Amino acid sequence: MSNLLFTGGTGFIGKQVLKRLVQGDERLLLLVRSPEKAAAVLSKQGFGGSGAAERIRFLKGDLSEPNLGMNPADYERALQADIVIHAGGPMSITLGNAEAQRTFLEGSRRLAELAARIHEARGLRHFIHIVGYMSPFHDGNVDPEADVFRLDHFMKDEGPYERMKFLADLFIRQQALRHGYPLSVVNPGTVVGASPTGATEQTGGLGILIHAVRKRLMPVVPGGDSHWLPLVANDALAGVIVQLAREAKPEGGTYHVLGRKEAGPTMKELLALISRELAVPAPRGSLPVSLLRSVMRTGLGRVTGIPAESMAFITERSFDTKATEELIGRSESRPLKVTELLPMVVADLDYRLTHPGAAEPEHWTRERKGDLAALVREGLGEPWVIVHGLLSGADDFVPLAEHLHAGTGNPVWLLDLPGFGRSPLLRKERHCLESCAQAVSNAIADSPVPVRLVGHSFGARIVLETAKGAAGAKVGALTLLQPVLHRPKAGALRRALSGPRSTASALLRLLRSGHSGASCCGMAFLRRRRKCRKATLKLSSAA
């Protein structure tokens, strides 16, 4: 049984890696700042009550401190590691120089000291370092004599985050050459959420671009069709890392974990997709990335929330992915292409950016049912499936769902309709009532037992349409709450919402200001008003 020392194990990437590692037999040593907080994070992931949790031991420490900030007993435990996975450090591209050096460069020095002691005493089987796709270093250009702590000229025009992270890459490569242990450097693209939900809690990557499009601050395409933003889902990345960790005779190397440039999407295609999901006009024309970076450095970056450093991730380079493709070919890892997942990713990030810091309801998990985002509470028997109305969303029905679950013990699914909450817009232009009913039908199609279908307000009209269709055999019970079954009168509100975008937007802002923190603030109509307005108008016209 291997002992595996893991930094960053409770992070966005690390949790996906742990999800796979706990299915094996490795003893896992997690270096964390707070064992209590780390235990709470892993408990939410479902590790806390499993037998695998007995193989996880938290080592309290700090990457930048001598002996990694560990007490002598924990440091001795760390010295028993056969494998080291280093994924520690924040995804914060605006880090200052001192903090970036302490986090990345000093952290790598302390970890390399530990690795050298392990290798000298008993042989380190494998060191795996997670860096980034823009690192200039590879297996053939490492200067073993370069002093990384004095390379002031290195990437001097880049931000401290990039500079220090890549100097740490160079330093660990030097140490592996000097001491002779196998080193694998994993260079992922910009990381998004796992399939099938696309839930992306790390909003500082692709979220910066989505924020810019939401706020109409990206009127042009950076670099145009010749540039792209390499992306990878964190479960695909985790599959590569775990496969490397479990290689019997690791050879080491550099692994770019991202799709091929020719497979897309280009920056123009990516921004068009984001704009379509947010129901805003797509950027027109293009400007050189270098020019946009210069503009953002004038202070406009702070005003708009688009750091100049974020432009460094947009590139026209292609990357050598041969080693990664061969590795994936020898395993059951997920493919790297994320295009089909992106609508879910964008919808999820749009929601998170609208509600920063919103707490997830306890005991519920984010899942995907068909093409819809869903909140799911596990149970036994026929699931309750609740569909919200026009001015609402899945999260608003958690209190009702808790009562249903407590009273019956049945599972509960709370669905977000297309264009609301965390669900992407409908892909096809057709009658929206029929399309939404079809989306609900697809969501319940995989249920092994009939469902108890509940619809509120206009959601009642949708579930009624669902029950009348081909999915009717899946509906064991149908409940309509305050149903809207007839075409509403064309009153002033409906005429205003159906009018010019500027009129509707002004009305929505007025509506929003009148709800000041009440439960209505959670309504999807106010959450994602660009998308919800489009969906709402189609639904209201279908009533």
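Everything numeric in this text was worked out from a predicted model, so none of it was measured.
If you take OG1 on T190 and CE on M134, they are separated by 10.0 Å, rounding to the nearest 0.5 Å. Remark: I83 CD1 to L28 CG distance equals 10.0 Å, nearest 0.5 Å. Here E247 contributes atom CD and E251 contributes atom CD; the two are 7.5 Å apart, rounded to the nearest 0.5 Å. Rounded to the nearest 0.5 angstrom, I130 CD1 and D169 CG are separated by 11.0 Å. Here OG of S286 is found 14.0 Å from CZ of R284. Values are rounded to the nearest 0.5 Å. We find the CG-CZ distance between L18 and F6 to be 5.0 Å, quoted to the nearest 0.5 Å.
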Test L209 against M267 for side chain to side chain contact (heavy atoms under 4.5 Å, CB included), laying out the working first.
CA-CA 11 Å; L209 192 61; M267 278 303 296; 4.2 Å; yes
For W228 and E262: C-alpha separation, side-chain torsions, deciding distance, then whether side chain to side chain contact (heavy atoms under 4.5 Å, CB included) applies.
CA-CA 10 Å; W228 67 311; E262 55 269 24; over 6 Å; no
Please determine whether salt bridge (Lys or Arg N to Asp or Glu O under 4.0 Å) holds for the pair D348 and R352, giving the CA-CA distance in whole Å, both sets of side-chain angles, and the decisive distance to 0.1 Å.
CA-CA 6 Å; D348 182 79; R352 292 173 189 273; 2.6 Å; yes
Evaluate the side chain to side chain contact (heavy atoms under 4.5 Å, CB included) criterion for residues R216 and V280: first the C-alpha distance (whole Å), next the side-chain angles of each, then the deciding distance (0.1 Å), finally the verdict.
CA-CA 8 Å; R216 313 284 183 90; V280 300; 3.6 Å; yes
Steps toward salt bridge (Lys or Arg N to Asp or Glu O under 4.0 Å) verdict (E309, R163)
CA-CA 11 Å; E309 293 87 347; R163 288 187 67 251; over 6 Å; no
Does the pair V186 and V131 meet the rule for a side chain to side chain contact (heavy atoms under 4.5 Å, CB included), with working shown?
CA-CA 6 Å; V186 178; V131 186; over 6 Å; no
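Donor-acceptor pairing under 3.5 Å is recorded for the side chains of H86 and T7. In summary, the side chains of T254 and R173 do present a donor paired with an acceptor at a separation below 3.5 Å, with no hydrogens or angles considered. N187 and S135 share no donor-acceptor pair across their side chains, judged by distance under 3.5 Å alone. In the model, T103 has no side-chain atom that pairs as donor or acceptor with a side-chain atom of E99 under 3.5 Å.
Considering only heavy atoms from C-beta on, L278 comes within 4.5 Å of I210 through its side chain. Put simply, the side chain of V398 does not reach to within 4.5 Å of the side chain of R377, judged on heavy atoms. With a 4.5 Å cut-off on side-chain heavy atoms, F127 and L111 count as touching. The side-chain heavy atoms of F313 and I208, taken from C-beta on, include no pair separated by under 4.5 Å. For the pair V338 and V345, the minimum side-chain heavy-atom distance is 4.5 Å or more. T304 has its side chain out of reach of H211: every pair of non-hydrogen atoms, C-beta onward, lies at least 4.5 Å apart. No side-chain heavy atom of V387 sits under 4.5 Å from any side-chain heavy atom of T466. In this structure, the side chains of W413 and L372 stay at 4.5 Å or more apart for every pair of heavy atoms.
Evaluation of the salt bridge (Lys or Arg N to Asp or Glu O under 4.0 Å) test over residues 354-366, restricted to residues two or more places apart or in two chains, returns E360-R366, E360-R422, R366-D395.
Taking each heavy atom of I314 and H227 in turn, the nearest pair found is CG2-CB, 3.9 Å. Nearest approach of P424 to M344, heavy atoms of both residues: CD-SD, 3.3 Å. For the residue pair G193 and L341, the shortest heavy atom distance occurs at O-CD2, 3.3 Å. Closest non-hydrogen pair, Y133 versus T315, comes out as CE1-CG2, 4.4 Å. When all heavy atoms of V213 and S275 are compared, the pair lying nearest together is CG1-OG, 3.7 Å. When all heavy atoms of D416 and A394 are compared, the closest pair comes out as OD1-N, 2.9 Å.
Judged by distance alone, with hydrogens and angles left aside, the side-chain atoms of N234 form a donor-acceptor pair with the main-chain N or O of A194 at under 3.5 Å. Not one N or O on the side chain of S423 forms a donor-acceptor pair closer than 3.5 Å with the backbone of P418. Between the side chain of S310 and the backbone N or O of I306 there is no donor-acceptor pair closer than 3.5 Å. The main-chain N or O of H256 is found under 3.5 Å from a side-chain atom of T324 such that the two form a donor-acceptor pair. Looking at H388, its side chain does come within 3.5 Å of a backbone N or O of L417 through a donor-acceptor pair. Counting only distance, with no hydrogens or angles, the side chain of S43 and the backbone of A39 share no donor-acceptor pair below 3.5 Å. Judged by distance alone, with hydrogens and angles left aside, the side-chain atoms of R368 form a donor-acceptor pair with the main-chain N or O of G370 at under 3.5 Å. Between the side chain of K261 and the backbone N or O of S226 there is at least one donor-acceptor pair closer than 3.5 Å. Checked by atom type and distance alone, the side chain of Q202 never pairs as donor or acceptor with a backbone atom of M91 at under 3.5 Å.
Atom CG of D371 has 12 or fewer neighbouring heavy atoms from other residues, nucleotides or ligands inside a 6.0 Å radius. More than 12 heavy atoms of other shown residues, nucleotides or ligands fall within 6.0 angstrom of atom CZ in R297. Within a 6.0 Å radius of CG in D446, other residues, nucleotides and ligands contribute 12 heavy atoms or fewer. Summarising the local packing, NZ of K474 is surrounded by more than 12 heavy atoms from other residues, nucleotides or ligands at distances under 6.0 Å. With a 6.0 Å radius and a threshold of 12 heavy atoms from other residues, nucleotides or ligands, R317 has its CZ atom above the threshold.
R20 has no carboxylate O lying under 4.0 Å from a charged side-chain N of E26, or vice versa, which leaves the two without a salt bridge.
Taking the six-membered ring where tryptophan is involved, the planes of Y351 and H355 are tilted, since the angle between them lies from 30° to 60°.
Taking the six-membered ring for Trp and the full ring otherwise, the centers of F154 and F171 sit at least 6.0 Å from each other. When ring centroids are compared, F104 and Y161 come within the 6.0 Å threshold.
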